[in-house]
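What follows is a short report on a single structure.
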There are 2 protein chains.
Amino acid sequence: MKPSVKRYTIKDIAEQAGVSLSTVSLVMNNNPRISEATRQRVLETIERLGYQPNRLARSLAWRRSQTIAVLLPQLRHTFADVYFGEIISGIHDRATKLGYKVMLEVARAEFIESREYIQLYEQKVVDGMLFIGSNARHEFIREFAGSEYPFVLVNNYSREFDLNYVVSNYRYGAWQAANHLVRLGHRRIGFIAGGLNDIQTSRDIFDSFQQVLQEHNITLEPSQVVDGWLTEEGGRQATEQLLRAHGDLTAIFALNDKMALGALRKLNELGLRCPDDIALVGFDDIPAASFATPALTTVRQPLYDIGKLACEHLIELIHGRASRVQEVVPVQLIVRESCGATKKSVVTTPVG
Amino acid sequence: MKPSVKRYTIKDIAEQAGVSLSTVSLVMNNNPRISEATRQRVLETIERLGYQPNRLARSLAWRRSQTIAVLLPQLRHTFADVYFGEIISGIHDRATKLGYKVMLEVARAEFIESREYIQLYEQKVVDGMLFIGSNARHEFIREFAGSEYPFVLVNNYSREFDLNYVVSNYRYGAWQAANHLVRLGHRRIGFIAGGLNDIQTSRDIFDSFQQVLQEHNITLEPSQVVDGWLTEEGGRQATEQLLRAHGDLTAIFALNDKMALGALRKLNELGLRCPDDIALVGFDDIPAASFATPALTTVRQPLYDIGKLACEHLIELIHGRASRVQEVVPVQLIVRESCGATKKSVVTTPVG
DNA sequence: CGCGACCAGTAAAAGGCTTTACCGCTTACA
DNA sequence: TGTAAGCGGTAAAGCCTTTTACTGGTCGCG
């Protein structure tokens with residue numbers, strides 16, 4: 001790359017405007033020490049020459065890169081997932097608004113082993129990091145527990161360590177879903193799980209869901225809980241397994257919408273009508289949930305907002321305006337057709 | 001953020017190793033001028049102190065940021081799209097391997113108006129850019145036609161301007177799909193379109209598809225072509241419209257898989273069997289295509305590889321090892337169940 | 001009138017690295 | 001023996017900003 005036009009530097013501006021180099025800098029940083037007349041003259045020169053300050057040099061002097069990184073898990077289609085997508089959109093929008101650039105990182109094995117997540121800070125590549133989709137298997141997270149490096153866990157947290165996070169109120173979401181099903185009279189319920197051993201929030205959903213059932217003297221036997229790997233295909237297979245073992249189920253709850261959609265497909269294949277034969281409730285409220293037939297009753301997580309919030313908090317941490325961030329954001333049960341509640345006009349949680 | 005540990009600089013290493021500052025730098029850049037003994041001593045010191053060079057300072061001295069940006073269109077779920085996801089995965093993997101960082105940018109209106117795409121270069125934030133999903137409406141693209149700024153259009157191109165690109169052989173893909181349907185005996189075919197006015201590659205698919213039909217004296221009337229907005233729901237509605245106007249269609253081709261999947265859903269809703277009543281062919285080969293029932297016959301685009309290639313070429317441009325990059329990558333018809341070819345064991349393009 | 005405060009602006013150091021010109025010494029060779 | 005080349009390393013300039021300490025001048029006030 002040979003730049004065709006010679007780029008101007010702050011020095012050029014200073015010469016052209018007939019002031020010192022530092023004056024230009026002060027003007028650019030809105031320092032009130034410079035008189036209005038001089039300020040205007042400098043600004044005019046900047047405008048005229050189309051000068052753009054070199055961000056690398058600025059960052060070097062500032063000791064801040066004004067860049068944050070988003071760390072994503074290494075999945076087959078990480079970037080192709082609505083879940084991550086929504087969150088990243090929120091992050092990006094907020095970061096841009098606050099003058100930060102967003103860098104993408106993937107938690108490959110090598111990334112972890114070479115401790116690149118630390119290098120990014122030490123090499124001053126980033127001022128902070130956002131961790132999406134990290135789980136208990138990601139040992140490296142613990143390194144951040146005591147560190148001074150700004151970071152926020154996005155829609156996840158740890159019981160074990162004292163970390164920064166922004167997370168949905170998964171427990172309350174599961175509580176709503178369970179109560180809804182119970183109130184509709186369901187007592188034989190299947191649970192399609194996923195990540196119960198690795199992911200704290202998955203665990204929360206399960207615990208909370210089960211607790212509600214217990215309070216109503218409904219038992220959830222181990223065979224009523226099947227792992228659907230958090231994928232659509234997994235949800236489909238889990239449904240088959242559930243129905244083979246328990247032909248009398250009247251409802252199924254899936255820990256995320258993708259699995260719920262898989263379950264729906266399996267029900268169709270088996271000729272079972274939803275919600276008449278079997279009610280179905282999901283979690284997340286991904287766009288496809290509302291397009292499904294029947295439209296899926298599910299718990300809505302504000303993923304976009306979670307991304308925004310996490311980003312905002314991260315930047316507060318970077319600027320030292322906060323030292324610990326732990327926020328739980330509300331979720332909401334969205335009652336649609338797949339649970340059968342709409343036709344029977346049962347009184348339920350208000351729908352937004 | 002107050003760094004708890006004092007970070008070492010190249011100066012510290014020089015002192016500790018008893019050499020000059022420049023020697024350390026030369027060692028780090030593998031300059032052969034330094035003797036093996038000195039090199040080892042320096043490396044040992046670097047290792048011992050855990051020194052990490054400041055990337056901002058390096059970039060400033062190099063006049064290169066070692067960072068590229070990926071510019072995405074502003075869609076509702078940009079990041080949540082398999083299409084973009086696959087491409088970005090490819091880009092990211094290759095960039096990382098070549099020592100580049102990947103930055104995310106979204107083509108918001110403001111981004112375009114303030115000409116930030118140019119600022120990114122001038123402020124030395126990035127060394128190059130990759131444009132994904134830009135179309136004829138994105139006027140700004142033309143600015144790059146004559147510029148020296150490294151960039152590559154990913155899976156898109158322009159007939160009007162001389163630009164760098166890496167793009168699938170859409171014409172040949174459509175050619176394969178059309179020939180396949182014709183060979184299977186279909187003569188009344190519906191076409192679900194999208195982006196015909198904005199997107200050159202959409203236009204290519206349409207032109208090529210229609211040309212094949214013409215060669216076989218099959219006409220494609222205007223009412224046989226319906227816009228499905230490139231979305232699943234749009235494909236669903238387009239199918240309804242097609243069948244209402246032409247109840248005698250025996251096959252439908254959709255310009256992308258998402259619309260094909262929507263079409264499939266509509267066929268199910270209408271109680272029409274695919275492929276027995278209506279054959280269906282898509283384009284892209286997104287993961288969901290193979291999971292569908294019946295599995296979708298489609299044209300596979302190597303999206304991941306396209307991302308990799310585009311990234312590779314961009315870096316060649318940055319290093320001045322190339323001045324113009326225009327690559328067309330092959331696509332392949334994947335024959336599955338939705339076209340009915342598999343049962344009849346028709347001779348066709350080999351399947352990978 | 002003399003002094004401290006204030007004002008607008010500047011010089012210089014700092015930020016951390018790369019790179020080039022140069023240096024003193026040894027070797028090779030005519 | 002004189003000289004050119006090679007060797008291993010260093011000093012210093014350069015990359016482009018920010019920021020702090022300082023300066024010279026004006027002003028207000030006791």
Side-chain angles (χ1 to χ4, degrees), chain A residues 1-3 6-43 45-46 49-67 99 119 121-125 127, chain B residues 1 3 5-43 45-46 49-67 99 119 121-125 127:
Chain A
M1 167 189 177
K2 31 197 153 157
K6 192 245 180 271
R7 301 289 340 125
Y8 294 110
T9 71
I10 201 172
K11 202 172 153 196
D12 299 314
I13 306 301
E15 283 169 7
Q16 290 275 329
V19 295
S20 83
L21 194 148
S22 13
T23 303
V24 178
S25 176
L26 293 175
V27 166
M28 292 210 314
N29 292 285
N30 293 315
N31 192 308
R33 195 129 51 95
I34 306 301
S35 72
E36 194 51 31
T38 313
R39 165 189 303 296
Q40 284 308 327
R41 187 149 40 93
V42 171
L43 286 178
T45 312
I46 288 175
L49 301 190
Y51 164 68
Q52 297 283 345
N54 182 318
R55 193 163 166 136
L56 291 173
R58 296 189 109 172
S59 294
L60 183 60
W62 277 336
R63 291 161 204 65
R64 281 192 271 120
S65 65
Q66 296 277 105
T67 302
Q119 292 181 25
Y121 290 99
E122 305 203 330
Q123 298 183 355
K124 302 287 180 201
V125 176
D127 297 338
Chain B
M1 167 188 177
V5 281
K6 193 247 180 267
R7 303 286 345 122
Y8 293 109
T9 71
I10 201 172
K11 202 171 153 195
D12 299 316
I13 304 301
E15 282 170 7
Q16 288 276 329
V19 294
S20 82
L21 197 148
S22 14
T23 303
V24 178
S25 176
L26 293 175
V27 166
M28 292 209 313
N29 292 287
N30 293 316
N31 191 309
R33 195 129 52 95
I34 306 301
S35 71
E36 194 52 31
T38 311
R39 165 189 303 295
Q40 284 308 326
R41 187 148 42 92
V42 171
L43 287 178
T45 311
I46 288 175
L49 300 189
Y51 165 69
Q52 296 282 347
N54 182 320
R55 192 164 166 134
L56 291 172
R58 295 189 109 175
S59 294
L60 183 60
W62 276 336
R63 292 161 203 67
R64 282 192 272 121
S65 65
Q66 297 276 104
T67 302
Q119 291 181 25
Y121 289 100
E122 304 201 331
Q123 298 183 355
K124 301 288 179 201
V125 176
D127 297 337

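Quick note on labels: first sequence line is chain A, next is B, and so on, each numbered from 1. No hydrogens, no waters, no symmetry mates; every other heavy atom, side chains included, goes into these values.
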Taking dG9(C), dT17(D), dT18(C) as options, the one with an atom nearest any side-chain atom of Tyr51(A) is dT17(D)

Q.
Do Leu49(A) and Ile13(A) have side chains that approach each other closer than 4.5 Å (heavy atoms only, starting at C-beta)?
A. yes

Atom CZ of Arg33(B) and atom P of dC22(C) are separated, to the nearest Å, by 13 Å

Can you say whether a donor on the side chain of Ser22(B) sits under 3.5 Å from an acceptor on the base of dA11(D), or the other way round? yes

Taking any heavy-atom pair under 4.0 Å as a contact, classify Leu56(B): base, sugar-phosphate, or nothing. nothing

From the candidates dT18(D), dT10(D), dT18(C), the one with an atom nearest any side-chain atom of Ala61(B) is dT18(C)

Rounded to whole Å, the CG-P distance (Leu60(B) to dT18(D)) equals 12 Å

From CG of Asn54(B) across to C1' of dA14(C) the rounded distance in Å is 13 Å

*Just call it for Ser35(A): base, sugar-phosphate, or nothing, with non-hydrogen atoms closer than 4.0 Å on any strand.*
sugar-phosphate

Is Arg63(A) touching bases, backbone alone, or none of the nucleic acid, heavy atoms closer than 4.0 Å? sugar-phosphate

Side-chain atoms of Ile10(A) come closest, of dT10(D), dG14(D), dT18(D), to dT18(D)

Considering only heavy side-chain atoms of Thr38(A), the closest of dG8(D), dG15(C), dA8(C) is dA8(C)

Against the side chain of Trp62(B), the closest entry in dT19(C), dT17(D), dG9(D) is dT19(C)

Does Asn29(A) have a side-chain nitrogen or oxygen under 4.0 Å from the phosphate oxygens OP1 or OP2 of dT19(D)?
no

- Query: Is a side-chain N or O of Ser59(B) found less than 3.5 angstrom from the main chain of Arg64(B), in a donor-acceptor match?
  - Reply: yes

With heavy-atom distances below 4.5 Å as the criterion, would you say the side chains of Val19(A) and Arg41(A) are in contact? yes

Rounded to whole Å, CD of Gln123(A) lies from C1' of dG16(C) at a distance of 13 Å

Do you see a donor-acceptor pair shorter than 3.5 Å between the side chains of Thr23(A) and Ser20(A)? yes

Would you say Arg55(B) and Lys124(A) make side-chain contact, with heavy atoms under 4.5 Å? no

From CG of Leu21(A) across to P of dC15(D) the rounded distance in Å is 13 Å

* Asked: Do the non-hydrogen side-chain atoms of Met28(A) and Tyr51(A) ever get within less than 4.5 Å of each other?
  -> yes

Ser20(A) has its side chain closest, among dC17(C), dA11(C), dT18(D), to dA11(C)

(message) Need one value for Ile34(B): base, sugar-phosphate or nothing, where a base atom within 4.0 Å counts as base even if backbone is also close, heavy atoms only.
(response) sugar-phosphate

The nucleotide from dT10(C), dT10(D), dT19(D) with an atom nearest the side chain of Thr23(B) is dT10(D)

Checking dT20(C), dC16(D), dT19(D) against the side chain of Leu26(A) (C-beta onward), the nearest is dT19(D)

The nucleotide from dT18(D), dA11(D), dT18(C) with an atom nearest the side chain of Arg58(B) is dT18(C)

Q.
At less than 4.0 Å, is any side-chain N or O atom of Thr9(B) found next to OP1 or OP2 of dG16(C)? Yes or no.
A. no

Lys11(A) atom NZ is separated from dC15(D) atom P, nearest whole Å, by 8 Å

